[in-house]
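Scroll down for the structure; my scribbles are underneath it.
Computed from a predicted model, the values in this text were never measured in an experiment. Here is how names work: the chains are called A, B, and so on, in the same order as the sequence lines, proteins then strands, and each is numbered from 1.
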Amino acid sequence: MSTAEPGTAQERMIGRLPTSVALKVLTSGVLAGYEPMPGPERLRRSADFSGGAIPGGEAEPIRLLCDEAMRRFRDESPTASDAWLAPRLHYTLRITRAEAADSGLWNFLAMCVAPDFVRWRWGKDTEGDRRAVGQAVRFAGPWHSQCFSRLWWAAELFRDGPDYGPVEIACRNQDVLNTVLRQELVLHRPAAQALVHLLQSRVTTTGREVNGLAKLAYAASATMIYEVLASDDPQDADELQDWIDAIGDAVEAPYDRLPDGPDDGRVDKGSISTLVEWFERLAAVAPVRGKEILAESEAPRPEGVSLAKTGPGL
Amino acid sequence: MKTLFPYPVLSGEVVLVADRLVVDNIPRQWKAISEREHVIALHEVKGRWKEIRIKVSVTVDAGELAAGPWSAPTCVAVVRNPRTRIRHTFTLAPAGNGVWEGDVELRRGEQLGACEIDAWVVADVGGESGRLIGTASERWRADFEARTPTQQRSIKMVWKNFTDDIDLTEFRDDPWLLDAQADDPVLYLNSSVEGLRGVLENATTPEQKVVRDVMAAQIASETWASMFNAALYASDMEDGEVQWPGGWHEDVLKRMLPDVFADRSPSEGLAELVERRTEGQSGGDLQRRVMHAATFQSRKPKAVAGALKSLARMASAKESV
Amino acid sequence: MPQDFAEWLRGMLRQRDMSQKDLAGAIDVTPAAVTAWIRGRSEPRYEKIAAIAEALGVAAEDAVSRRQPGAASSELSWIFRKAPADGGREGGNAAAFAFAANLEVLAREATQNSLDERLPGGQPVVSRFVLHELTGQHLEEFLEALRWSEIEKHLHAAADPGQKVGRVLLDGLQELERTRRLVLLRVDDYNATGLTGPDYDDGRFARVVRRTLDSGKAGAQGGSYGLGKAALWAASRFGLVLVNSTLSERQDGRHERRMAGRLELPWHALGTDEFAGPAWFGVKDPDRDDAARSWWGDEETARSLYLERDGSAAGTSFLVVGAYDGSGDTEQLEEMHERLAAGVARNFWASMVGGEAAAPLLRASVASWRNGRVVRAEERIDPHRHEPARSRAVQAFLDRRTVLELTSREDVLEMAVPLKLPRLKDGAGSDRTSPTTHDAVLLITPSGDDEPAADHISYMRATRMVVRSKKVGDLPLGHRNFQAVLLAGAATMKDTPDVEAAERLLRASEPPDHNDWTGTEDLTAMYVRGARQCIVNFKRLAEQSVREALQTQDDGQQGDEGPEVLKELLRLDPPKAPRTQGFPTIHAIEGEVDEHSAWRVTVTVKCPEREDPWVLAPAIRFTGRDGGGIPVRWAGRLVPVKNCELTKEGNLLFRGRRGVFKGVTDVASHPVPAAMSRIEVDVPRAKEAKA
């Protein structure tokens with residue numbers, strides 16, 4: 001691990017912070033807000049800046065986005081900031097999926113760049129001015145739980161080529177972020193777009209219903225290959241790489257309208273409508289239990305799954 | 001696992017074969033592909049490639065395909081990488097006689113570690129299109145870490161001087177340490193412990209070999225136990241069904257659960273453990289079982305017995321001098 | 001002309017047992033005139049030649065061409081060799097014992113002989129195996145033509161059950177009596193030399209028909225009609241083989257239908273007459289006691305003996321009478337057919353491959369007939385069907401399409417493997433200029449998973465017969481299946497002096513069975529010390545080259561991967577699942593979706609043995625693509641069918657290793673219609689209080 005020399009460019013760079021280091025720091029006292037988080041300087045010394053995995057990736061624009069989010073949604077529930085932040089985070093932090101798969105990056109953002117944002121977004125006010133974060137996974141955890149990583153992946157999986165519109169719709173819905181995001185259905189872009197279409201077009205469709213639909217679709221996908229029914233062309237990897245490489249020249253993410261994502265190919269409209277019809281049919285023919293799944297109003301399953309969970313001893 | 005479809009499916013084998021490897025338009029050596037192991041070793045291309053094309057073919061029993069109650073059969077190759085959440089399908093072209101051929105493409109930004117290549121045969125059955133009638137009898141693995149095309153792989157090991165490392169310095173006297181929190185587990189071996197590397201890597205005398213074998217078994221059993229616990233925490237129940245955690249966690253569980261519970265299926269064993277964990281039960285019995293499984297994985301019984309025998313031999317050799 | 005008239009006439013008079021005086025009388029000339037012809041002092045005019053022919057009972061053309069007359073079938077007989085006066089008793093042809101009497105060996109040996117006798121000129125040798133099964137009238141007619149009645153008593157006399165040969169004979173005779181069925185195997189070659197040379201002395205004919213133990217190897221012909229011909233006799237239940245040969249060089253003025261027969265029996269006695277064993281079928285030789293010469297046959301005789309050849313191309317047809325497979329597992333015609341085809345394919349696939357640079361050396365086929373009707377039509381043996389990968393390798397070589405690096409499954413890699421050529425002992429041809437190394441050609445190509453005998457290397461030289469095929473040892477982990485072919489000597493298709501030297505060396509290193517390159521007596525006798533080592537090194541180097549070609553390159557940096565001793569203990573790849581488990585498993589599941597859209601299933605459960613019965617709570621679910629899925633409920637109770645019973649809680653108690661139950665799903669619990677689902681059943685242990 002390289003040591004950061006103060007005052008150098010490295011101070012402004014995004015690095016990778018090992019999960020073991022993050023978890024060592026994230027004691028229950030720190031999470032509950034009793035104890036301070038060690039300063040970013042200390043953590044930066046444990047971070048890895050080598051390899052140029054995110055060339056030119058600077059921390060400052062991310063920091064500014066977090067500040068703006070906290071300002072904008074000061075008077076609303078922090079949850080509402082997800083739909084605003086997800087596309088802009090994706091736009092600003094230009095990385096490939098392979099780079100995004102490294103949890104060290106997300107640990108770094110949460111611990112070294114914007115720990116206050118994580119605390120704002122996931123904390124609860126408790127007595128004595130403390131803001132307690134229930135789970136360490138919001139700082140360092142699986143991709144679908146970590147504060148920033150879940151937003152980036154939501155944007156990546158729900159964007160329609162350069163169009164972040166569907167991302168906004170999907171991220172307005174915590175059921176989508178908490179549950180549907182993890183379902184393998186959304187790995188097929190036409191399916192992800194079809195779900196967004198349902199969320200948007202049918203007022204009655206709730207996030208839970210979409211959730212249930214994804215479950216039914218998974219059961220049906222054992223015999224029905226929706227990838228063949230509704231095909232998707234591979235994305236244009238060169239376009240994506242050009243977009244990533246253009247980060248230095250790119251304008252900052254606009255705050256009041258959506259930025260443009262990489263123009264690596266839109267999803268075929270025909271494929272989307274095929275799957276919209278398919279979902280509608282699934283909902284229509286669902287037997288009693290299927291209907292129950294669609295209507296189930298039980299609370300989203302507890303976010304208790306993580307490597308970091310410090311449960312009672314086994 | 002035996003499954004049942006509500007309509008007839010192909011009973012014969014669906015043979016998926018990787019035929020040719022092309023990296024950035026340059027054909028690569030065929031020995032990177034192992035048909036027996038169903039692995040493509042891509043370590044050689046690591047770091048300096050944009051696009052890999054793998055020519056694949058899928059073969060089914062042509063007679064069965066023609067005779068079955070289905071129509072318009074098609075075939076797709078499926079590339080999935082759970083870490084980059086890639087699941088791409090590539091339509092293969094029919095080449096006649098129950099064979100389909102085509103290319104799958106792997107792009108650099110979309111791949112990490114290893115990806116899996118599968119094949120699905122899809123047809124219209126009973127007026128319904130897009131129905132699965134067969135999947136590859138054996139899937140392939142395209143492994144970016146593998147130097148040789150074999151399924152065999154071990155956890156990552158790194159020699160490190162613990163005293164020099166800001167995060168390991170508090171463990172500076174530990175000869176080894178497992179980081180089971182990383183995306184892939186890493187076993188750190190402390191190069192500042194004098195003689196450790198020499199014994200582990202270059203044992204020459206019988207005494208050194210005895211120490212090496214026992215120590216290796218000890219390192220391995222601690223590693224397995226610790227990985228098992230991490231993997232268990234990564235598992236979960238949903239709707240009363242156990243959720244396998246995927247990735248290396250799942251690999252560890254699949255290896256160890258049969259020894260943790262000899263008389264339960266792995267799924268049942270995992271469900272039991274996750275339930276106990278969420279109910280907050282004490283784990284006394286479990287730790288004993290995990291220790292047993294870790295002992296088995298690390299082949300400790302053999303190492304200990306062997307070491308004791310060597311000691312006895314050395315002693316009698318001394319006497320006879 | 002092979003001989004002058006005088007010689008011809010002398011021979012004919014002797015053959016016809018006619019004196020000069022008789023001839024003179026018959027054709028109305030003076031005895032002095034005949035004497036003059038006999039002495040060669042003069043030759044008769046044409047009209048007289050015709051008269052002479054008539055007097056001798058031969059065609060005028062025979063006399064004009066001074067050739068042997070054809071023999072009428074009435075002249076043919078079996079002649080048995082008398083036992084030697086010293087009372088020695090031979091146990092039958094010793095050479096025949098050198099071979100396991102099976103059809104694959106026969107196919108190998110016969111085809112090898114044909115290839116060795118290939119005529120120069122680039123035409124492939126055509127090798128054809130024809131099986132004839134005879135019964136009824138067909139059988140009677142054949143036995144008649146064969147003069148079976150002359151030999152039958154000898155066969156019975158020789159069928160001494162105390163000896164191996166005798167037992168085979170006895171078996172054959174009993175089988176024939178019982179079934180009245182006889183199988184003939186005809187082995188033809190075309191575009192080969194045929195059985196040339198005189199009846200006795202040295203020559204191809206004599207080597208095959210007279211000198212059964214002679215390998216003929218020392219001669220310039222090298223390897224021609226070696227011991228291998230004994231395989232023909234070994235394949236006959238009666239040790240009986242007939243031949244018909246079309247010669248490439250005239251003998252006695254003739255070249256077509258040189259016919260003969262030879263019977264190999266052990267010593268036997270008929271009454272007080274003792275016989276050495278062997279017998280010959282042909283025309284009694286007036287010059288020798290107890291000897292029969294080959295005869296120049298007519299079409300009708302050839303046909304009646306199933307020996308008539310197609311067309312006039314040179315070559316030989318052997319007829320194995322009472323053909324059988326000594327291994328005992330091949331009785332039926334179809335099986336014998338397959339066995340022959342397999343035998344040729346296994347050993348000669350490479351000889352049958354042709355390419356742009358060279359035609360195949362061999363074309364082979366098999367056909368089967370029964371009483372004059374086709375059972376299996378003539379089937380050309382396709383090397384690409386029997387040995388796809390190996391044949392591809394040789395073809396790529398002949399097409400000059402080999403590559404230096406393998407990138408696709410069709411590719412064939414070519415490398416050179418040097419063979420050091422030791423010096424000959426007598427110094428012949430081993431002066432300074434003689435070559436010291438020969439570059440053999442090594443071919444490697446990927447092979448399919450299902451191809452038998454993967455990862456083998458096949459050695460061959462001039463005829464491309466597989467001398468040996470062996471598995472390459474010490475292969476790198478995870479290598480792909482391959483086939484390797486090592487072409488040495490003339491098989492390299494090169495035109496350099498080393499080729500001949502290599503060919504000679506390798507031939508000397510082949511043991512009599514031609515199934516390896518190794519230290520032999522010939523090698524020691526012909527070459528200076530160290531020759532054996534040259535051969536051993538050559539083979540070792542070939543295998544090493546294969547290993548290197550399969551080795552993945554960047555093995556250099558393995559030091560970074562941690563101690564070797566730990567790698568093995570920390571393996572993460574999925575272990576092989578054992579077939580038997582310590583817990584109950586689903587052995588089989590059958591079922592269908594019924595008219596109410598419910599799944600009706602019958603499940604067989606396999607339970608490991610233990611004292612307490614297993615109490616299980618079978619669960620069914622609509623599975624997802626990668627396992628998991630959504631559990632559904634059973635409608636009502638499960639129905640025990642075999643080795644199980646319901647508990648109060650509705651679980652199943654299993655006794656015995658295998659139990660069966662039935663169940664129906666509750667449609668209301670289905671998340672999607674059953675027609676869209678795929679189901680799995682699990683048998684976890686029931687959680688119920690012990691009664």
_Pairs of heavy atoms under 4.5 Å with chain C: top-ranked of B/K254, B/R299, B/M215, B/K55_ = B/R299
_Between CG on residue C/L616 and CD on residue B/E268, distance to nearest 0.5 Å_ = 8.0 Å
*Between B/E250, B/E272, B/R131, which shows the greatest number of heavy-atom pairs under 4.5 Å with chain C?*
B/R131
*Is there a side-chain contact between C/F583 and B/P258, using heavy atoms and a 4.5 Å cut-off?*
no
*Under a 4.5 Å heavy-atom cutoff, which of C/A549, C/P608, C/G582 has the most pairs with chain B?*
C/G582
_Heavy-atom side-chain contact between C/E405 and B/R28 under 4.5 Å_ = no
*Looking at B/W224 and C/L569, what are the two nearest heavy atoms and their distance?*
NE1-O, 2.9 Å
*Hey, does the side chain of B/R197 reach the backbone of C/P563 with a donor-acceptor pair shorter than 3.5 angstrom?*
no
_Are B/E35 and C/N481 packed together at the side-chain level, in the sense that at least one heavy-atom pair is separated by less than 4.5 angstrom?_
no
_Value rounded to 0.5 Å, distance of CD1 in B/I33 from CZ in C/R409_ = 8.5 Å
_Structural part of B/V17 lying under 4.5 Å from a heavy atom of chain C_ = side chain
*Heavy-atom distances under 4.5 Å only: say whether C/A619 touches chain B with side chain, backbone, both or neither.*
neither
*Which bit of C/E410 comes within less than 4.5 Å of chain B, counting heavy atoms only: side chain, backbone, both or neither?*
neither
*Quick one: CG on C/D411 to CG on B/D19, what's the gap to the nearest 0.5 Å?*
11.0 Å
*Which atoms of C/V601 approach chain B - backbone, side chain, both or neither, heavy atom under 4.5 Å*: side chain
*asked:* Can you tell me which portion of B/A216 sits under 4.5 Å from chain C's heavy atoms? Options are side chain, backbone, both or neither.
replied: both
*Contacting region of B/W244 [heavy-atom separation from chain C under 4.5 Å]*: neither
*Is the shortest distance from a Lys or Arg side-chain nitrogen in C/K687 or B/E275 to a carboxylate oxygen in the other one below 4.0 Å?*
yes
*Nearest heavy-atom neighbours spanning B/P6 and C/S677*: CD-O, 2.8 Å
_At a 4.5 Å cut-off on heavy atoms, which part of B/D213 comes close to chain C: side chain, backbone, both, or neither?_
side chain
*Closest heavy-atom contact between B/T3 and C/E680?*
CG2-OE2, 3.2 Å
*Check: B/R20 and C/T407 side chains under 4.5 Å, non-hydrogen atoms*: yes
*At a heavy-atom separation under 4.5 Å, does B/S265 approach chain C through its side chain, its backbone, both, or neither?*
both
*Flag the one option from B/K156, B/Q297, B/R212 with the top tally of heavy-atom pairs under 4.5 Å to chain C.*
B/R212
_Side-chain heavy-atom pair C/R685, B/D263 within 4.5 angstrom cut-off_ = yes
*Check whether B/I155 gets within reach of chain C through its side chain, its backbone, both or neither, counting any heavy atom under 4.5 Å.*
both
*Rounded to the nearest 0.5 Å, how far does OH of B/Y7 lie from CE of C/M676?*
11.0 Å
*So which part of B/R141 gets closer than 4.5 Å to some heavy atom of chain C, the side chain, the backbone, both or neither?*
neither
*Where does B/A271 contact chain C at under 4.5 Å (heavy atoms): side chain, backbone, both or neither?*
neither
*asked:* Does this structure show an ion pair linking C/D455 with B/R36, if we count only N-O contacts that are shorter than 4.0 Å?
replied: yes
*Heavy-atom side-chain proximity of B/R255 to C/R571 below 4.5 angstrom*: yes
*asked:* Using heavy-atom distances under 4.5 Å, tell me whether B/W176 contacts chain C through its side chain, its backbone, both, or neither.
replied: neither
_Side chain to side chain, C/L566 and B/L187, heavy atoms closer than 4.5 Å_ = yes
*Please tell me if the side chains of B/M157 and C/K567 come closer than 4.5 Å, counting only heavy atoms from C-beta onward.*
yes
